[in-house]
Amino acid sequence: MKTYNCIIVGSGIAALQLANHLSAQSRVLIMTKSTRQASNSYRAQGGIAAAVGHGDKPVFHYEDTIQAGCHFHNEQQVRELVEKGPELIAQLTDRGLDFDRDDKGEMALGMEGAHGRNRIVHCGGDATGKYIMDHLHASLRADIDIIENRFVYELLIDPVTKKCIGIKAKDEEGKNETYQADQIVLAMGGIGGLYAFTSNEASVAGDGIALAYRTGAEIMDMEFIQFHPTLLYVNGRTAGLVSEAVRGAGGRLVDEWGTPIMTGKHPLGDLAPRHIVAKELYQQRVAGREVYLDISMIERFEAQFPTITALCHANGVSFDEQKIPVAPGCHFLMGGIVVDAVGQTSIDGLYAIGETAATGVHGANRLASNSLLEGLHYGRKLANHLNKRLTQNDMASTGYVVVQKPTRQLPLLPNQVELREKMMAYAGIVRTDADLRFLANWLRAYGESETDDMSLDDWSMDAIQSLFMLQAAKLVTNAAQLRLESRGAHQRADYPVEDERWGQVHIVQSKKGIEMRERQHEYHQVEIYA
Ligand code: SIN
């Protein structure tokens with residue numbers, strides 16, 4: 001069996017940034033569920049938020065992040081993130097990545113929702129993710145192993161030390177493989193695939209969260225799920241993202257009559273924080289009205305937004321009327337696996353970065369274009385941490401014993417399409433106790449808890465996927481049911497206002513049960529910025 005210092009599960013921006021910063025001595029494996037391009041990072045249209053413009057400062061970026069996320073952050077982590085922003089952009093530029101520039105040769109800075117100023121660096125117009133990811137792939141050391149099309153279904157724990165020591169995965173034919181490493185890093189994205197309407201890559205369906213939870217890790221803030229207001233809406237389904245940068249360039253949300261729908265709803269209008277715009281669109285749709293993005297005022301739309309133009313054309317949407325039909329859909333998970341400041345989970349040897357991790361930098365609602373920045377920052381930070389440990393742990397010693405778990409009959413599992421429809425309808429943009437209770441009962445009918453100590457070796461990938469989706473859906477539903485307030489992306493029709501008492505607690509779930517954990521404040525940081 002091949003052994004590694006570090007196995008990274010996932011191939012998005014956090015994964016590649018980590019791999020690129022791990023020391024040249026470390027033996028690294030990147031394992032990904034689909035192809036290396038099949039990540040949300042690769043699809044990112046908007047760009048990276050960083051205080052690089054004239055007159056901009058990390059403190060302004062900090063304030064916008066905190067406002068958008070409804071003051072539910074780990075303030076220290078936010079401060080560090082925004083302070084590192086300009087340096088991370090400079091590092092990419094120094095290593096040869098060309099961000100788009102204006103006529104004067106300055107970096108072109110885009111505008112997106114809830115930002116107080118133009119702050120988004122981008123590449124190829126709306127193809128930022130593709131450019132950055134191609135750049136990061138090209139920068140990888142030749143001796144880093146990359147294995148595609150592997151479904152990781154179990155984390156191996158040493159029975160004596162309780163340390164995470166490896167993974168089990170299924171190849172394309174469903175054959176089982178085992179890999180061991182000193183450190184396992186989950187960088188597997190969020191949970192978009194749990195919802196019928198999503199901007200996410202189809203393969204991103206909560207696997208990282210479910211894997212960690214099954215292994216005993218703590219999971220937090222699962223009720224905070226961002227719905228992006230503008231996904232392309234064709235024939236009753238969503239078909240991909242229409243970037244907020246379109247509204248940043250002047251696009252306006254209108255109803256069938258051409259009336260702007262965000263006027264008077266928020267001082268920032270069409271560029272209000274995402275949860276406010278998504279909720280407005282949701283209400284329009286509930287009232288039976290279609291919503292469009294009016295792009296008539298945007299000059300050279302096709303040249304500025306080539307990815308969106310191609311997406312619209314591929315889905316039969318012409319620009320004759322200069323209107324793009326849109327609907328909101330699941331976009332980003334603010335919660336995830338509980339980690340410390342470097343990405344260490346509650347299990348020794350197991351780390352999480354990127355959307356899979358709950359770092360506290362997004363609060364209750366992520367500020368636009370902060371997620372690629374998060375991936376860059378935490379990827380590099382974790383690499384620095386692991387590089388220091390490399391000398392202490394050399395995987396040459398592989399004396400671990402992997403305990404075989406019992407094999408039992410497959411329990412009843414939900415149909416994946418039905419689960420997505422149910423999540424959208426009952427744990428979507430606006431939630432109620434009645435809906436969540438119905439959903440919780442529906443999910444409870446399936447036999448997930450019976451699988452805790454069971455071997456999944458003989459299960460098909462499809463059955464394991466259903467199990468993971470069930471597990472992640474339950475974590476979302478439990479948390480959404482428990483949080484009796486509306487804050488950021490968690491909107492409850494029956495508890496419509498923010499409640500200061502709830503602002504003090506995280507809902508933490510693990511195999512041990514559910515805990516209301518007091519939120520760690522860094523009040524002194526807030527005062528500095530007041
Ligand atoms: C967008 O381009 O609208 C999405 C960017 C993001 O989610 O940060």
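Each ligand, and each atom within it, is numbered from 1 in the order the structure gives. Here the structure is a predicted model, which means the values were calculated and not measured. All residue numbers refer to positions in the sequence shown, counting from 1. Below, each value reflects all heavy atoms present in this structure, side chains not excepted, and no hydrogens, waters or symmetry copies.
Between Glu223 and Ala479, the shortest heavy-atom contact is OE1-CB, 3.3 Å.
Within 6.0 Å of atom CD in Gln67, 12 or fewer heavy atoms from other residues, nucleotides or ligands are found, so the atom counts as exposed in its surroundings.
A cation-pi geometry, defined here as NZ or CZ lying under 6.0 Å from the six-membered ring centre and within 45° of its normal, does not hold between Arg119 and Phe60.
Within 4.0 Å of ligand 1, counting heavy atoms only, the contacting residues are Gly46, Glu112, His228, Leu241, Ser243, Glu244, Arg274, His331, Arg366, Ala368, Ser369.
With sequence neighbours left out, the salt bridge (Lys or Arg N to Asp or Glu O under 4.0 Å) criterion links Lys57 to no other residue.
In this structure, Phe227 and Tyr195 have perpendicular ring planes: the angle between them is above 60°, well past the 30° mark.
Residues His275 and Cys70 form a side-chain contact, since some pair of their non-hydrogen atoms from C-beta on lies under 4.5 Å apart.
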